[in-house]
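Here the structure is a predicted model, which means the values were calculated and not measured. Atom set for the values below is all heavy atoms of this structure, side chains included, hydrogens, waters and symmetry mates excluded.
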Amino acid sequence: MGEGGSRYLKEPFEVHEQRFEATEKIMELQFSQVDRRLGRIETMIEGLEKRLWMTVYGVVAVILTQAVQSVLEYAPK
């Protein structure tokens, strides 16, 4: 009996502390999962953005090519 005091006074606090630690671990796991998912989403968005810009550049190139061709057709020979 080196500790002193009643075990009934300490047990509720120990159970509460264990629940708190378990809740912290669960929240940490959930946040790490969310962080991983956000990383994957960001990677997919970057790939989509690259494809979108390539499409825009392709359309602009086609329009400019047609404009140059039409100017060359009407140019004096």
Side-chain angles (χ1 to χ4, degrees):
M1 296 223 170
E3 292 181 23
S6 174
R7 73 177 186 147
Y8 297 107
L9 291 176
K10 294 180 182 176
E11 282 182 5
F13 292 110
E14 291 173 2
V15 170
H16 179 69
E17 185 176 320
Q18 290 171 351
R19 284 185 185 165
F20 184 71
E21 289 173 0
T23 303
E24 282 183 337
K25 288 179 184 178
I26 290 171
M27 287 177 62
E28 184 179 330
L29 287 172
Q30 288 174 339
F31 280 120
S32 67
Q33 281 293 92
V34 168
D35 191 38
R36 277 189 231 137
R37 287 181 185 168
L38 285 175
R40 279 189 263 150
I41 290 171
E42 286 176 358
T43 303
M44 290 187 329
I45 288 174
E46 287 174 2
L48 185 63
E49 185 179 13
K50 288 177 185 176
R51 286 187 221 140
L52 177 65
W53 280 114
M54 290 303 291
T55 304
V56 169
Y57 290 144
V59 169
V60 169
V62 168
I63 292 171
L64 287 176
T65 303
Q66 289 179 350
V68 168
Q69 284 178 349
S70 66
V71 167
L72 290 177
E73 285 180 12
Y74 293 109
K77 295 181 182 181

Would you tabulate the side-chain donor-acceptor contacts of residues 41-57 under 3.5 Å, counting partners in other chains and residues two or more places apart, or write 'none'?
unit_1	atom_1	unit_2	atom_2	d
Thr43	OG1	Gly39	O	2.9
Thr55	OG1	Arg51	O	2.9

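- Contacts of Gln30 classified as side-chain hydrogen bond (donor to acceptor under 3.5 Å, both in side chains), with partners at least two apart in sequence or in another chain: none.
- Crowding of Glu24 atom CD: a count of heavy atoms from other residues, nucleotides or ligands under 6.0 Å exceeding 12.
- Val59 shares a hydrophobic cluster with Ile63; the chain of contacts runs through ILVMFWY side chains whose heavy atoms sit under 4.5 Å apart.
- Hydrophobic cluster membership of Val71, counting Ile, Leu, Val, Met, Phe, Trp and Tyr whose side-chain heavy atoms lie under 4.5 Å apart directly or via other members: none, as it forms a cluster of its own.
- Checked against side-chain hydrogen bond (donor to acceptor under 3.5 Å, both in side chains), Arg40 has no partners two or more places apart in sequence or in another chain.
- Here Leu38 is tied into one hydrophobic group with Val34, each link being a pair of ILVMFWY side chains closer than 4.5 Å.
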